[in-house]
Protein chains: 2
Amino acid sequence: MAWDTERTKALLLQAATSEFCTRGLAGARIDRIAAEAGVNKERIYQYFGNKNALFDAVIVAALSSLMDEVPIEGSGPEAMADYAGRLFDHHQKDATAPRLLFWEGLERGTEVVGLPKRMANCASKVNSTIAALPGVSREDAGDLLITIVSLCDAAPVLPALDGLMAGAEPGRAERRRAAVVRTVYLAAAALAAEAKAPAATA
Amino acid sequence: MAWDTERTKALLLQAATSEFCTRGLAGARIDRIAAEAGVNKERIYQYFGNKNALFDAVIVAALSSLMDEVPIEGSGPEAMADYAGRLFDHHQKDATAPRLLFWEGLERGTEVVGLPKRMANCASKVNSTIAALPGVSREDAGDLLITIVSLCDAAPVLPALDGLMAGAEPGRAERRRAAVVRTVYLAAAALAAEAKAPAATA
DNA sequence: AACAATTACAACTACCTAGTTGGAAACTGG
DNA sequence: CCAGTTTCCAACTAGGTAGTTGTAATTGTT
């Protein structure tokens with residue numbers, strides 16, 4: 001049997017993604033990750049360093065692949081609303097990215113510099129896609145993106161909130177999706193309108 | 001020295017709130033909570049049962065006091081926007097409630113029935129305040145509330161997202177606050193307009 | 001003052017956890 | 001075929017971890 005280092009690494013990363021996604025950094029167990037990957041846990045320390053570094057690798061991989069799977073296409077308010085809808089759908093099917101994002105925010109909140117530094121490659125992608133609203137300032141566009149991510153990512157992480165506020169009728173997810181898309185459209189359209197008539201709003 | 005049971009309970013709850021807020025359920029340490037409260041940890045098991053039950057007590061206390069401190073006052077789109085602004089400000093000063101809410105969502109996500117059951121008293125408060133938009137259906141009003149909570153609570157939990165998307169200029173929090181308030185106002189106003197002219201939108 | 005119930009706590013248990021080590025098996029270049 | 005290197009893993013270490021227990025101090029009640 002030939003040593004397939006890359007396969008071993010990939011198996012570990014996959015198992016680690018699942019474990020960190022469901023249990024977070026503090027709740028994850030190195031032994032469980034190794035067992036699920038069918039690999040000796042000592043490999044983790046050789047390939048990734050330690051638990052924290054493995055968590056970093058998982059986050060970067062998950063967010064990078066998310067940005068490839070759900071790209072921002074086109075420009076204008078409709079494009080932003082469409083992006084929000086696709087992001088919502090993606091997270092509904094697979095909540096890995098939003099869960100990891102919130103784990104990172106909660107467990108690493110103090111070291112604020114952390115994520116942006118590690119996600120430098122993503123930052124460039126954000127910067128290029130942030131121009132999807134012509135005429136809108138960089139800061140306003142960034143705010144709109146934060147709004148989109150907040151709405152789409154919070155939904156799968158806070159099911160209890162949804163149950164408490166909106167009940168649990170069938171087709172609930174569709175309704176929530178529509179509300180998110182409409183809210184994003186309204187916010188984006190308002191920014192676009194302001195861009196055309198800068199003095200119209202106080 | 002007289003035994004002051006209530007004081008001991010309060011000290012434990014306060015220390016537990018701080019510990020769970022910063023470290024979550026899996027990351028919190030019973031020994032640390034007891035030490036910070038200056039109380040023997042055995043008291044925790046007598047008064048609250050176990051770690052999970054203590055976490056429950058902390059969440060219920062925190063969310064209940066939040067709903068008292070930041071009430072929904074008045075009705076109409078302006079009232080909802082004002083509520084969002086006050087909620088944002090409160091969470092900016094003290095991120096305890098949003099952090100606990102997300103910890104609960106992440107670490108207890110599978111047992112969806114959990115929070116609504118334990119927050120039955122809060123549910124009634126939600127139901128009464130949900131009528132703050134006259135003419136709007138219960139479900140649409142609930143969706144608006146979810147939007148408000150998502151936007152206001154995600155902000156202090158995801159500082160890295162803000163740094164990545166919007167940089168770190170002075171007065172950044174003010175700008176984000178304005179964006180949230182405006183987005184909420186637009187969403188609420190759209191619902192109100194629909195209520196007056198039901199057939200106007202597809 | 002004597003009794004039962006409650007509150008307090010130090011010490012303890014049984015188990016788990018991240019990280020290490022020493023050596024065996026498999027690959028690589030010559 | 002044969003050193004030298006890399007991959008692999010079982011067993012180990014050292015330090016936690018939630019939860020329990022035995023006992024002493026305090027309290028209200030009679």
Side-chain angles (χ1 to χ4, degrees), chain A residues 1-60 100 103-104 106-108 110-111 114 118, chain B residues 1-60 100 103-104 106-108 110-111 114 118:
Chain A
M1 197 197 308
W3 299 136
D4 193 342
T5 310
E6 287 313 309
R7 200 181 93 95
T8 303
K9 274 191 201 176
L11 284 172
L12 280 172
L13 203 65
Q14 191 181 339
T17 301
S18 166
E19 177 77 3
F20 283 130
C21 172
T22 60
R23 317 231 186 195
L25 180 56
R29 294 293 167 249
I30 293 283
D31 287 15
R32 213 151 34 199
I33 293 172
E36 195 185 312
V39 165
N40 190 278
K41 70 172 174 170
E42 177 264 359
R43 290 290 88 200
I44 292 173
Y45 297 95
Q46 283 296 324
Y47 291 148
F48 299 96
N50 58 20
K51 199 186 186 186
N52 278 275
L54 179 60
F55 186 71
D56 289 350
V58 163
I59 288 237
V60 170
L100 287 174
W103 283 123
E104 155 95 20
L106 287 170
E107 304 197 285
R108 295 265 183 79
T110 46
E111 2 167 347
R118 289 191 299 281
Chain B
M1 199 195 307
W3 301 136
D4 192 341
T5 310
E6 289 311 313
R7 199 180 93 95
T8 303
K9 275 191 201 176
L11 284 173
L12 280 173
L13 203 66
Q14 190 180 339
T17 300
S18 165
E19 177 76 2
F20 282 130
C21 172
T22 58
R23 317 232 187 194
L25 180 55
R29 294 295 169 246
I30 293 284
D31 287 18
R32 213 153 30 200
I33 294 172
E36 194 185 312
V39 165
N40 190 279
K41 72 171 173 172
E42 177 263 1
R43 288 292 86 199
I44 290 173
Y45 296 95
Q46 282 296 325
Y47 292 146
F48 298 97
N50 57 20
K51 198 186 185 185
N52 278 276
L54 179 60
F55 187 70
D56 290 349
V58 163
I59 287 238
V60 170
L100 288 174
W103 283 123
E104 155 95 20
L106 287 170
E107 305 199 284
R108 296 265 183 79
T110 48
E111 5 166 346
R118 288 191 300 280

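So that the names make sense, note that chain A is the first sequence line, chain B the second, and so on, each numbered from 1.
With values rounded to the nearest 0.5 angstrom, B/Leu11 atom CG is found 13.0 Å from B/Ile33 atom CD1. The OG1 atom of A/Thr8 sits 12.5 Å away from the CG atom of A/Leu13 when rounded to the nearest 0.5 Å. Atom OG1 of residue B/Thr22 and atom CG of residue A/Leu106 lie 10.5 Å apart, to the nearest 0.5 angstrom.
Rounded to a whole Å, the CZ atom of A/Phe48 is 16 Å from the P atom of C/dA18. In this structure, B/Ile44 atom CD1 and D/dT17 atom P are separated by 14 Å, rounded to whole Å. Remark: P of C/dA26 and CG of A/Asp4 are 16 Å apart, rounded to the nearest angstrom.
Using a 4.0 Å cut-off, some side-chain N or O of A/Arg29 falls inside it from OP1 or OP2 of C/dA18. One finds no side-chain N or O of B/Tyr47 lying less than 4.0 angstrom from the OP1 or OP2 phosphate oxygen of C/dT6.
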Can you list the steps and then say if A/Ile30 with A/Glu19 is a side chain to side chain contact (heavy atoms under 4.5 Å, CB included)?
CA-CA 9 Å; A/Ile30 293 283; A/Glu19 177 77 3; over 6 Å; no

Run the side chain to side chain contact (heavy atoms under 4.5 Å, CB included) test on A/Trp103 and B/Glu107 for me, step by step, so that the C-alpha distance in whole Å, both residues' side-chain angles and the decisive distance to 0.1 Å come before the verdict.
CA-CA 10 Å; A/Trp103 283 123; B/Glu107 305 199 284; 3.4 Å; yes

List the steps and the verdict of side chain to side chain contact (heavy atoms under 4.5 Å, CB included) for A/Lys41 and A/Asp31.
CA-CA 6 Å; A/Lys41 70 172 174 170; A/Asp31 287 15; 3.1 Å; yes

Side chain to side chain contact (heavy atoms under 4.5 Å, CB included) between A/Lys51 and A/Phe20: does it pass, once the steps are laid out?
CA-CA 10 Å; A/Lys51 199 186 186 186; A/Phe20 283 130; 4.2 Å; yes

Give me, pair by pair, the N or O atoms of the protein and of nucleotides 19-23 of chain D that are less than 3.5 Å apart, along with how far apart they are.
| residue | atom | partner | partner atom | Å |
| --- | --- | --- | --- | --- |
| D/dG19 | OP2 | B/Tyr45 | OH | 3.4 |
| D/dG19 | OP2 | B/Lys51 | N | 3.1 |
| D/dG19 | N7 | B/Lys41 | NZ | 3.1 |
| D/dG19 | O6 | B/Lys41 | NZ | 2.5 |

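The side-chain contact (heavy atoms from CB on, under 4.5 Å) test with A/Leu54 singles out one residue from A/Tyr45, A/Tyr47, A/Phe48, and that residue is A/Phe48.
Contacts between residues 5-14 of chain A and DNA chain D, defined by a heavy-atom separation below 4.0 Å, involve A/Thr5, A/Thr8, listed by number. In the region residues 19-28 of chain A, proximity to DNA chain D at under 4.0 angstrom, judged on heavy atoms, holds for none of the residues.
Few gaps surround CD on A/Glu42; more than 12 heavy atoms of other groups in view lie less than 6.0 Å from it.
A salt bridge does not link A/Asp4 to A/Lys9: none of the charged nitrogens lies less than 4.0 Å from a carboxylate oxygen.
Looking at every heavy atom in both residues, B/Leu12 comes nearest to B/Ala34 through CD2-CA, 4.5 Å.
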